[in-house]
Amino acid sequence: MKKGRRIRRYIPVLLLALVCLTAALMWDHTPSAVEVFGTGTENGQEELKLYARSAVLLDADSGRILYGKNEDTPMPMASTTKIMTLIVALELEEEGETVSVSSYAASQPKVHLGMHAEETFYLEDLYYSLMLESHNDSAVCIAEHFGNRLLGREAADGGEEKSREAVAAFVNQMNEKAESLGLKKTFFVTPNGLDAQQTDPDGTVHTHETTAAELARIMKYCITESPKKEKFLNITGTMSYSFSDADGKRNFSCTNHNAFLQMMEGALSGKTGFTAKAGYCYVGALKRDDRTFIAALLACGWPNNRSYKWVDTRKLMNYGLENYFYQDVHCGELSFEPVEVLGGVPDSGNRSDRAVAEVGLSVPEEEQTLPVLLKEGETVEVSYEGKERMEAPVHKGDLAGRVVYRLDKGVLAEYPVLVQEDVPRLTFSWCFLKVAERYFPK
């Protein structure tokens, strides 16, 4: 009886221990990436505490994302749209073109240049109006001009419907450019970035939007890849610009609203944006020494938080400058095991031996360099992906495999591994000659 009382005395203690053990097993001791980093990413990056709801820092040379916060979330991008408007126009233009203003273009809301219907401007002047002051009428005028050309029509004020058709044709060209760059979450409805939606004949609704990562990718194209990159940089890097209409009747002046150009040494380019839906947006580029960074911000505050985008941009750029430096990760000369050649002639001439082919990298010594922007602690994985065996005959220069350099699961570079010598097929005639040599020596 006493023994039973002793057991009952310990029941509450045992129950408490069981509850604690159960809670410990149910509790995940590994905090989520959001809890640790506050960025919603899973790549172990440190927290920057940005105002922007979506942001990215991109290496402009490799296209690698160095820092991201909700960087793949589609959001409206306001007038940062105009970097695509400009680059598409630059790639379509002919030297010395003039543009006639339609009633539709002249009716665009502020911010606008204040152009009048039937006025004529030099196309190049409107580029500065587009990018420095972000004028919505200039954006539509440019789009309508090239849209008419794409539709095979003469530029004319044929009424609002024809103007809208021409603008839509140009915007379609913007979307085709985005698709060619591999952008999956970017869709343009307007050339000026005003909030808008488009409904396709099948009922599909598209919103004018992009992601921070894809907006940065568009800027990368504009400043490093486009055949018109130099002109793009010249226009977007200009602090002020004055011009008149083509008839010289009215004068205009533009001041660049990209304050970042004077905030940090090496600032190259950029475009601001704001709508009530998008909030303050920005995309900009900076080059310091041999490193070029692109920062993109979406939904970076609403009035009265106009300065948030500059705080975030500086923070992102400094993060890149302070943490990422070029390192040459190329391994130089590498040695590889010979590849077995099935049905091939052995190098020894002995039919019972295994036929193999020597393989190696065929990269000139001066090209054996691979500079990569790396942060302390980052490592590049180098792997050889080669064939275990090949079918005879094989010839010098045949592909036997490749050496692949990877970082963050992305491929940095790959180099072909090639056969270094011919290995002929083992044929009946070859065997006959070998037998003849053995029994009928010369």
Side-chain angles (χ1 to χ4, degrees), residues 79 81-102 104-106 108 112-158 162-163 165-178 180-181 188 191-192 218-256 258 268-271 285:
S79 285
T81 295
K82 291 175 175 126
I83 65 171
M84 181 66 96
T85 306
L86 176 61
I87 203 65
V88 171
L90 289 175
E91 292 179 359
L92 291 173
E93 71 173 356
E94 296 174 4
E95 189 173 352
E97 287 190 73
T98 57
V99 183
S100 179
V101 181
S102 70
Y104 178 66
Q108 294 303 301
H112 57 212
L113 178 66
M115 52 179 56
H116 298 157
E118 299 184 4
E119 273 187 312
T120 302
F121 289 88
Y122 286 104
L123 179 63
E124 185 158 337
D125 291 335
L126 294 188
Y127 292 155
Y128 291 90
S129 167
L130 175 77
M131 300 307 290
L132 275 58
E133 292 281 359
S134 201
H135 289 143
N136 292 319
D137 49 357
S138 294
V140 170
C141 189
I142 292 167
E144 189 176 344
H145 171 76
F146 287 111
N148 279 319
R149 179 182 300 171
L150 292 166
L151 293 171
R153 302 193 309 211
E154 290 292 328
D157 194 345
K162 287 189 178 296
S163 293
E165 288 174 355
V167 171
F170 180 81
V171 171
N172 185 60
Q173 194 81 359
M174 294 168 66
N175 283 317
E176 287 184 6
K177 174 62 73 175
S180 74
L181 297 178
F188 298 103
N192 49 25
I218 296 170
M219 179 60 91
K220 169 178 163 54
Y221 175 79
C222 292
I223 68 171
T224 70
E225 301 169 22
S226 171
K228 292 301 185 83
K229 60 188 178 185
E230 295 300 330
K231 189 166 185 178
F232 178 93
L233 284 167
N234 182 58
I235 292 169
T236 57
T238 298
M239 294 309 301
S240 62
Y241 187 81
S242 298
F243 63 98
S244 65
D245 65 292
D247 295 325
K249 296 179 179 178
R250 294 204 295 155
N251 297 317
F252 305 87
S253 62
C254 299
T255 301
N256 201 326
N258 179 17
L268 285 176
S269 177
K271 184 70 189 75

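This one's a predicted model, so the numbers in the text were calculated from it and none came from an experiment.
- For the side-chain contact (heavy atoms from CB on, under 4.5 Å) test, residues two or more places apart in sequence or in another chain that qualify with Ser134 are Ser79, Lys82, Lys271.
- Judged as a side chain to side chain donor-acceptor pair (under 3.5 Å), and not counting sequence neighbours, the contacts of Ser269 are Thr236.
- Shown here are the side-chain contact (heavy atoms from CB on, under 4.5 Å) partners of Ala105, two or more places apart in sequence or in another chain: Val101, Ser102, Val140, Cys141, Glu144.
- The stretch residues 221-242 participates, sequence neighbours left out, in these salt bridge (charged side-chain N to carboxylate O under 4.0 Å, His left out) pairs: Glu93-Lys228, Glu93-Lys231, Glu124-Lys231, Arg217-Glu225, Lys220-Glu225.
- Leu150 and Ala169 make their closest contact through CD1-O, 3.8 Å (heavy atoms, listed as atom of the first residue, atom of the second, distance).
- Atom SG of Cys254 is separated from atom CE of Met239 by 12.5 Å, given to the nearest 0.5 angstrom.
- No side-chain heavy atom of Ser100 sits less than 4.5 Å from a side-chain heavy atom of Glu118.
- If you take CD1 on Ile142 and CG on Leu90, they are separated by 9.0 Å, rounding to the nearest 0.5 Å.
- The salt bridge (charged side-chain N to carboxylate O under 4.0 Å, His left out) pairs that include a residue from residues 125-138 number zero, where partners must be two or more places apart or lie in different chains.
- Every residue two or more places apart in sequence or in another chain that forms a side chain to side chain donor-acceptor pair (under 3.5 Å) with Glu176 is listed here: Asn172.
- Other residues, nucleotides and ligands contribute only 12 or fewer heavy atoms inside 6.0 Å of the OH atom of Tyr122.
- The side-chain contact (heavy atoms from CB on, under 4.5 Å) check on Ala178 picks up Met84, Leu183, Thr186, Phe188, with sequence neighbours excluded.
- Using a 4.5 Å heavy-atom threshold, the side chains of Phe146 and Gln173 count as separate.
- With rounding to the nearest 0.5 angstrom, the OG atom of Ser242 is 11.5 Å from the CZ atom of Phe252.
- Neither side chain, Gln108 nor His135, offers a donor N or O lying under 3.5 Å from an acceptor on the other.
- Partners of Thr85 according to the side chain to side chain donor-acceptor pair (under 3.5 Å) rule, which considers only residues two or more places apart in sequence or in another chain, do not exist here.
- Across all their heavy atoms, Leu126 and Met115 have their closest contact at CD2-CE, 3.9 Å.
- When all heavy atoms of Val167 and Pro191 are compared, the closest pair comes out as CG1-CD, 3.8 Å.
- Among all heavy-atom pairs drawn from Ala285 and Ile223, the shortest one is CB-CD1, 3.6 Å.
- Atom NE2 of His112 sits about 12.5 Å away from atom CG of Asn192, to the nearest 0.5 Å.
- Ring-plane geometry between Tyr128 and Tyr241 is classed as parallel, the angle between the planes falling under 30 degrees on a 0 to 90 degree scale with a further cut at 60.
- Evaluation of the ring pair (Phe, Tyr, Trp, His ring centres under 6.0 Å) rule for Tyr221 yields no partner, not counting sequence neighbours.
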Would Ser129 and Phe243 count as a side chain to side chain contact (heavy atoms under 4.5 Å, CB included) here? Give the steps. CA-CA 10 Å; Ser129 167; Phe243 63 98; 4.3 Å; yes

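- The CG atom of Leu130 sits 10.0 Å away from the CG atom of Leu123 when rounded to the nearest 0.5 Å.
- Residues passing the ring pair (Phe, Tyr, Trp, His ring centres under 6.0 Å) test with Tyr127, sequence neighbours excluded: none.
- Every residue was checked against the side chain to side chain donor-acceptor pair (under 3.5 Å) condition with Asn256, not counting sequence neighbours, and none meets it.
- Residues satisfying the side-chain contact (heavy atoms from CB on, under 4.5 Å) criterion with Ser244, sequence neighbours excluded, are Asn251.
- Panel note: side chain Asp245, backbone Arg250; a donor-acceptor pair is recorded below 3.5 Å.
- At least one side-chain heavy atom of Arg153 sits under 4.5 Å from a side-chain heavy atom of Lys162.
- In this structure, Thr81 and Met174 approach most closely via the heavy-atom pair CG2-CE, 3.9 Å.
- Using a 4.5 Å cut-off on side-chain heavy atoms (C-beta onward), Ser240 and Leu132 make no contact.
- Between Glu94 and Arg149, the closest side-chain pair of non-hydrogen atoms falls below 4.5 Å.
- Distance check, rounded to the nearest 0.5 Å: CZ of Phe170 to CG of Leu151 gives 12.5 Å.
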When you look at Ser226 and Glu91, which way does the side chain to side chain donor-acceptor pair (under 3.5 Å) test go after all the steps? CA-CA 8 Å; Ser226 171; Glu91 292 179 359; 2.5 Å; yes

